[in-house]
Asker: 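Let me give you the structure first, and then I'll get to my questions.
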Amino acid sequence: MAEAAHTPCVFSGIQPSGNLHLGNYLGALKRFVETQDRGIQSIYCVVDLHAVTVWQDPAALAHATRELTAGFIASGLDPERSILFNQSQVAEHAQMAWVFNCVARMGWMKRMTQFKDKAGKNAEQASLGLFAYPALMAADILVYHATHVPVGEDQKQHLELTQEIARKFNHDYGVEFFPVTEPVIEGAATRVMSLRDGTKKMSKSDPSDMSRINLTDDADTIARKIRKAKTDPEPLPETVKGLEARPEARNLVNIYAALAGESVEAVLADLGGRPFSEFKPALADLAVEHLAPISAEMARLMQDAAEIDRILARGAERARAIAAPILRETYRIMGMVGA
Ligand code: AMP
Ligand code: TRP
């Protein structure tokens with residue numbers, strides 16, 4: 001089916017659930033800033049409505065929403081050039097989600113692996129919102145006619161569902177209204193692994209704080225975590241092939257390359273043959289050099305919650321200006337009187 005041409009527009013969302021870490025920075029925030037800097041229309045959303053699909057303490061949710069916003073800005077996101085807001089302030093997301101609840105099929109939703117993982121054995125006790133989560137995600141994206149969505153590998157299935165929803169709506173109503181959005185899945189270098197186990201993703205839910213570098217860690221903490229990071233006894237290899245079957249070494253080299261903005265080959269050409277006792281301090285210096293200004297800026301921004309709230313309100317207003325006409329047109333296509 002020929003798709004109508006849509007202007008490039010990037011949308012992505014992150015849940016405000018606390019503990020922003022190096023994986024979020026390299027895998028999401030830093031990439032979002034690069035997109036903005038290429039001059040593509042970019043919309044970034046703190047998805048608080050998604051967060052409440054599992055219970056959230058209200059004060060913690062508000063804090064995490066502001067902290068994530070501060071993290072975006074401290075990482076270089078310019079709330080004037082990009083649009084930065086929290087989902088619940090733009091009612092069109094929830095309204096479009098209802099439409100998509102009626103487009104998506106039960107069978108599609110039942111196949112979602114994230115639901116199965118999150119609901120666990122006790123699916124009967126999961127919220128209806130957790131089951132409908134991917135329809136809200138499709139609404140986030142399609143209510144802006146976004147064409148590209150940078151996400152992690154784990155979100156691929158949800159993006160495929162978003163495409164299915166767009167196709168089915170277009171087909172059922174005989175229109176070419178919604179774009180079939182393309183996922184932009186991160187490369188291997190942006191999959192940051194745990195500092196304690198190179199085969200596990202760095203994650204906010206890992207019980208060990210030593211497994212991750214938080215964006216709120218101070219310089220000493222960052223250096224200590226890198227010093228204690230798990231490694232093997234061999235020196236760094238000279239070639240990328242030499243990192244195979246050495247997950248911890250590969251992870252630290254990937255982190256170094258991503259922070260330095262160099263290729264893994266270039267890092268190994270420079271540092272291959274060095275023992276970890278030399279490599280780790282170099283990595284710690286690099287990490288502190290990059291992350292300390294971000295964490296300092298986050299702390300500074302967090303002291304003025306009112307200013308963060310103003311930024312989110314202004315972002316929401318700009319988001320609504322795009323979303324409202326698209327929702328209205330969706331309603332009109334469906335035959336809703338008054339749209
Ligand atoms: P999450 O905190 O898992 O909801 O993820 C928020 C964003 O950060 C998503 O775009 C993820 O793909 C990204 N992300 C989370 N953990 C990592 C990681 N260990 N490496 C790279 N990207 C990550
Ligand atoms: N489900 C995504 C995650 O857990 C977050 C998200 C919600 C999202 N809506 C989105 C990501 C829209 C991209 C586009 O990471």
Side-chain angles (χ1 to χ4, degrees), residues 9-35 42-54 64-65 67-68 71-72 75 83 85-88 90 93-94 96-97 100 112-115 117-118 129-130 132-163 165-166 181-206 211-215 247 250-251 254-255 258-259 319 323:
C9 168
V10 171
F11 181 96
S12 199
I14 301 188
Q15 293 196 44
S17 28
N19 269 347
L20 272 182
H21 53 73
L22 183 66
N24 299 132
Y25 174 67
L26 292 175
L29 299 175
K30 189 163 180 283
R31 293 166 69 217
F32 296 171
V33 173
E34 287 161 5
T35 306
S42 314
I43 306 174
Y44 297 115
C45 186
V46 178
V47 291
D48 48 8
L49 295 174
H50 276 114
V52 298
T53 55
V54 295
T65 299
E67 192 170 78
L68 177 53
F72 268 109
S75 302
I83 297 180
F85 70 105
N86 59 315
Q87 195 182 25
S88 59
V90 180
H93 289 244
M96 188 66 99
F100 291 165
M112 294 294 115
T113 56
Q114 182 173 300
F115 175 77
D117 291 347
K118 283 199 184 176
L130 190 66
Y133 179 116
L136 176 60
M137 181 161 160
D140 296 341
I141 296 165
L142 295 174
V143 83
Y144 300 99
H145 278 187
T147 54
H148 295 84
V149 178
V151 280
E153 181 67 38
D154 59 338
Q155 295 302 311
K156 195 168 169 217
Q157 197 185 31
H158 288 160
L159 265 295
E160 285 163 2
L161 186 90
T162 300
Q163 296 177 335
I165 288 177
T181 305
E182 278 179 46
V184 184
I185 307 271
E186 61 189 17
T190 48
R191 198 175 148 81
V192 178
M193 309 309 277
S194 157
L195 298 179
R196 311 266 23 159
D197 176 351
T199 63
K200 264 185 19 197
K201 236 175 88 161
M202 185 177 285
S203 158
K204 63 187 151 209
S205 53
D206 194 311
S211 71
R212 67 184 156 257
I213 294 175
N214 301 303
L215 289 192
R250 183 171 57 198
N251 186 37
N254 280 349
I255 293 174
L259 286 171

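Every number for a ligand or one of its atoms is a count from 1 in the order of the listing.
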Asker: Give the residue, atom name and distance (to 0.1 Å) of the protein heavy atom nearest atom 9 (N) of ligand 2.
Answerer: D140 OD2, 2.7 Å
Asker: What about Q114: any of its N or O atoms under 3.5 Å from an N or O on ligand 2?
Answerer: no
Asker: Before signing off on this row, confirm whether Y133 and ligand 2 have an N or O atom pair separated by under 3.5 Å.
Answerer: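 Yes; the residue has a nitrogen or oxygen that sits under 3.5 Å from a nitrogen or oxygen of the ligand.
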Asker: Is it true that K201 and S194 share a donor-acceptor pair across their side chains at a distance under 3.5 Å?
Answerer: no
Asker: Are side-chain N/O atoms of T181 and Q163 paired as donor and acceptor at under 3.5 Å?
Answerer: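 Side chains of T181 and Q163: no pair found under 3.5 Å.
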Asker: Find all atoms of ligand 1 within a distance of less than 4.0 Å from any non-hydrogen atom belonging to G27, and give their numbers and elements.
Answerer: 21 (C), 22 (N)
Asker: Side chains of D154 and Q114: is there a donor and an acceptor less than 3.5 Å apart?
Answerer: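 D154 vs Q114: no donor-acceptor pair found between side chains.
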Asker: Side chains of N214 and H21 only: does a donor on one sit below 3.5 Å from an acceptor on the other?
Answerer: no
Asker: Begin with the C-alpha distance, continue with both residues' side-chain angles, and end with the deciding distance and a verdict on side-chain contact (heavy atoms from CB on, under 4.5 Å) for M202 and L22.
Answerer: CA-CA 8 Å; M202 185 177 285; L22 183 66; 3.9 Å; yes
Asker: Short list, please: which atoms of ligand 1 are under 4.0 Å from a heavy atom of R191?
Answerer: 20 (N), 21 (C)
Asker: For atom 12 (C) of ligand 2, which protein heavy atom lies nearest, and how many Å away is it?
Answerer: F11 CE2, 3.5 Å
Asker: E153: heavy atom below 4.0 Å from ligand 1, yes or no?
Answerer: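 Per 4.0 Å heavy-atom rule, E153 does not contact ligand 1.
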Asker: Show the atoms of ligand 1 that are less than 4.0 angstrom away from any heavy atom in G152.
Answerer: 12 (O)
Asker: I'd like to check which ligand 1 atoms, numbered from 1 as shown, lie under 4.0 Å from a non-hydrogen atom of A28.
Answerer: 7 (C), 8 (O), 10 (O)
Asker: Flag the pair L68 / I14 as yes when at least one side-chain heavy-atom distance between them is below 4.5 Å, and no otherwise.
Answerer: yes
Asker: For ligand 2, note which part of I14 has a heavy atom under 4.0 Å away: side chain, backbone, both or neither.
Answerer: neither
Asker: For atom 10 (C) of ligand 2, which protein heavy atom lies nearest, and how many Å away is it?
Answerer: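 Residue, atom and distance for the closest contact: M137 CG, 3.5 Å.
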Asker: Quick test: of every protein heavy atom, which one is nearest to atom 5 (C) of ligand 2, and how far off is it to 0.1 Å?
Answerer: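 Going atom by atom, the protein heavy atom closest to atom 5 (C) of ligand 2 ends up being G13 O, 3.5 Å.
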Asker: Hey, can you tell me if H158 and Y133 have their rings parallel, tilted or perpendicular (30° and 60° cut-offs)?
Answerer: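 Correct class here is tilted.
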Asker: Quick check on contacts: which atoms of ligand 1 are under 4.0 angstrom from a heavy atom of K204?
Answerer: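 Here the atoms of ligand 1 in question are 1 (P), 2 (O), 4 (O).
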Asker: Counting only heavy atoms, which portion of Q15 has something under 4.0 Å from ligand 1: side chain, backbone, both, or neither?
Answerer: neither
Asker: For V192, is at least one N or O under 3.5 Å away from an N or O on ligand 1?
Answerer: yes
Asker: Give the contacting part of I14 toward ligand 1: side chain, backbone, both or neither, where contact means a heavy-atom distance below 4.0 Å.
Answerer: side chain
Asker: Check whether any N or O atom of S12, backbone or side chain, sits under 3.5 Å from an N or O atom of ligand 2, and answer yes or no.
Answerer: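 So ligand 2 has no N or O lying under 3.5 Å from an N or O of S12.
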Asker: Side chains of D48 and T65: any donor to acceptor distance under 3.5 Å?
Answerer: no
Asker: Do you know the tightest heavy-atom contact between N19 and E67?
Answerer: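 What the structure gives for the nearest pair is N-OE1, 4.3 Å.
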Asker: Quick one: nearest non-hydrogen protein atom to atom 14 (C) of ligand 2, plus distance?
Answerer: V149 CG1, 3.6 Å
Asker: Specify side chain, backbone, both or neither for H21, according to which of its non-hydrogen atoms lie closer than 4.0 Å to ligand 1.
Answerer: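 Just the side chain.
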Asker: Using a strict 4.0 Å cut-off to heavy atoms of M202, name the atoms of ligand 1 that fall inside it.
Answerer: 16 (N), 18 (C), 19 (N)
Asker: Y144 vs F11 aromatic rings, parallel, tilted or perpendicular, using cut-offs 30° and 60°?
Answerer: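 Parallel, since the angle between the ring planes stays under 30°.
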